[in-house]
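Keep in mind that the numbers below use all heavy atoms, side chains included, and drop hydrogens, waters and symmetry copies. All figures in this text were calculated on a predicted structure; none of them were measured in a lab. All ligand and atom numbering here is 1-based and tracks the order in the structure.
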Amino acid sequence: MKAIVRTKYGPPDVLKLEEVPKPTPGDDQVLIRVHGASVNAADWHLLTADIFLVRLMGRGLLRPKDKILGADVAGRVEAVGRNVKQFKPGDEVFGDIFQSGGGALAEYACAREDALALKPASLTFEEAAAVPLAAVTALQGLRDKGKIRPGQKVLINGASGGVGTFAVQIAKSLGAEVTAVCSTRNLDMVRSIGADQVIDYTKEDFTTSGQRYDLILAANGYHPILDYRRALSPKGIYVMSGGSWAQMFQAMLLGPWVSMTGSKKMGALSAKANPKDLAFVKELLEAGKVKPVIDRRYPLSEVPEALRYLGEGHARGKVVITMEHSSNT
Ligand SMILES: NC(=O)c1ccc[n+]([C@@H]2O[C@H](COP(=O)([O-])OP(=O)(O)OC[C@H]3O[C@@H](n4cnc5c(N)ncnc54)[C@H](OP(=O)(O)O)[C@@H]3O)[C@@H](O)[C@H]2O)c1
């Protein structure tokens with residue numbers, strides 16, 4: 001099969017399109033004929049090892065152990081291991097296969113069945129592949145860490161990216177009044193996916209406006225943690241799911257201290273895929289409450305360009321990978 005392979009850490013140029021053996025599913029695994037994939041910041045970090053921690057997290061100290069990247073996948077089940085109960089050959093599935101070792105940037109990939117769900121019939125493979133990692137991150141940030149409730153004022157910083165576009169729609173579907181923070185060129189897009197208010201971060205700093213929010217999800221960008229605290233209502237919650245290094249470290253190191261010393265709660269999210277949350281997101285997709293926003297599509301051979309574009313940090317929604325053998329209906 002064709003796959004995008006790397007043998008060392010580095011920029012997107014280290015990725016090569018190669019012929020490699022088709023994987024064989026283990027007893028607990030499903031073999032998927034990949035029809036769509038999408039790229040995430042996690043792929044960028046694993047590719048470049050820009051966070052040194054990547055090398056220490058069992059992904060390979062000097063050279064990467066995972067030769068084929070890619071967490072988000074959608075495709076058709078080709079074969080199943082003997083312990084697989086939920087799926088059969090021919091089923092159309094989607095999911096985040098990061099915890100199964102990744103490998104979605106290839107014509108075939110193997111995954112544990114609990115990483116997958118049946119693809120909503122109303123979505124193309126490309127649309128379905130855009131969903132799992134980013135949407136589940138947004139859901140876990142808003143619902144689990146953020147304790148979102150109907151009627152609350154919720155602000156999403158970085159609302160125009162992969163996680164942010166799902167966060168806006170999921171927060172709306174859970175009954176919140178949503179303020180989306182993005183740059184000028186994305187204002188209309190975030191309004192079109194349901195944001196009640198929009199703030200252009202190139203013109204206005206929401207942390208100094210005097211407005212208070214019950215929940216702030218920081219999906220991207222940067223503000224000092226004490227500025228976020230000022231923008232919270234007295235019992236408000238701040239959840240950092242992404243953004244600059246400073247934003248991440250402040251949430252991880254100072255968040256617990258701020259939470260202990262007052263009524264506002266501040267902390268970091270480390271999202272983890274699970275079947276219940278994928279099923280929850282699937283229901284929202286089927287009900288038409290959430291729709292993936294797709295910025296660009298690249299064929300498998302152009303994954304390096306796709307990752308280069310994602311790495312610039314200005315994608316509008318998701319960047320998806322189409323497969324040449326795909327019949328995307
Ligand atoms: N915690 C977790 O478990 C978890 C899970 C998934 C992702 N993440 C992290 O979350 C972050 C976002 O992921 P993503 O997939 O949404 O990334 P993404 O799609 O690459 O985000 C790009 C978007 O961010 C916006 N942006 C850039 N600078 C901004 C700023 N200063 N203020 C507000 N918005 C800004 C861009 O809008 P403009 O072009 O208008 O600037 C663009 O639309 C990444 O750092 C990723 O590593 C964490």
Side-chain angles (χ1 to χ4, degrees), residues 38-51 53-54 57 69 71-72 96 98-99 129-146 155-170 179-191 193 195 198-207 216-224 227-228 231 238-252 255 267-274 277 281 292-296 306-320:
S38 77
V39 287
N40 288 285
D43 297 308
W44 177 261
H45 299 318
L46 290 172
L47 171 68
T48 58
D50 57 346
I51 320 177
L53 268 180
V54 162
M57 279 162 31
L69 294 169
D72 279 332
D96 167 359
F98 180 78
Q99 289 169 65
V131 175
L133 193 152
V136 166
T137 301
L139 175 67
Q140 292 180 359
L142 293 164
R143 185 197 60 191
D144 303 345
K145 277 252 168 195
L155 179 136
I156 317 285
N157 191 28
S160 52
V163 174
T165 48
F166 284 110
V168 169
Q169 298 179 75
I170 292 172
T179 301
V181 182
C182 61
S183 69
T184 318
R185 70 190 184 107
N186 290 318
L187 294 173
D188 286 343
M189 185 271 283
V190 295
R191 269 195 208 101
I193 57 171
V198 293
I199 295 177
D200 181 343
Y201 74 75
T202 68
K203 301 206 168 108
E204 192 185 340
D205 177 353
F206 70 87
T207 66
I216 296 177
L217 179 73
N220 221 332
Y222 172 72
H223 286 281
D227 289 4
Y228 277 120
Y238 164 76
V239 180
M240 187 290 304
S241 72
S244 72
W245 298 127
Q247 178 150 295
M248 290 188 212
F249 285 123
Q250 288 177 18
M252 284 189 278
L269 168 77
S270 178
K272 206 165 172 211
N274 69 67
D277 289 352
V281 167
V293 176
I294 296 179
D295 178 355
R296 293 190 181 182
L307 277 163
R308 209 169 282 122
Y309 176 63
L310 186 81
E312 288 166 7
H314 296 288
R316 291 175 114 178
K318 292 288 304 177
V319 175
V320 302

Residue portion contacting ligand 1 (non-hydrogen atoms closer than 4.0 Å) for [X]:
{"X": "S270", "answer": "backbone"}
{"X": "V163", "answer": "both"}
{"X": "K318", "answer": "neither"}

Among the heavy atoms of [X], does any lie under 4.0 Å from an atom of ligand 1?
{"X": "R185", "value": "yes"}
{"X": "L133", "value": "yes"}
{"X": "M240", "value": "no"}

Side-chain heavy-atom pair Q140, N274 within 4.5 angstrom cut-off
yes

Any non-hydrogen side-chain atom of Y201 less than 4.5 Å from a side-chain atom of N220?
no

When you compare ligand 1 with [X], is there at least one nitrogen or oxygen pair between them that comes in under 3.5 angstrom?
{"X": "A315", "answer": "yes"}
{"X": "A41", "answer": "no"}
{"X": "A271", "answer": "yes"}
{"X": "G162", "answer": "yes"}
{"X": "N40", "answer": "no"}
{"X": "R316", "answer": "no"}
{"X": "T137", "answer": "no"}
{"X": "H314", "answer": "yes"}

Which is closest to atom 12 (C) of ligand 1 by heavy-atom distance: G313, G242, A219?
A219

Which ligand 1 atoms does N220 reach within 4.0 Å, using its non-hydrogen atoms?
12 (C), 17 (O), 21 (O), 22 (C), 23 (C), 24 (O)

Any atoms of ligand 1 less than 4.0 Å from a non-hydrogen atom of L269? List them with their elements.
1 (N), 2 (C), 3 (O)

Testing D43, D96, D72 for side-chain hydrogen bond (donor to acceptor under 3.5 Å, both in side chains) with S38, which one passes?
D72

Exercise: identify the closest heavy-atom pair between A251 and M240
CB-CB, 3.5 Å

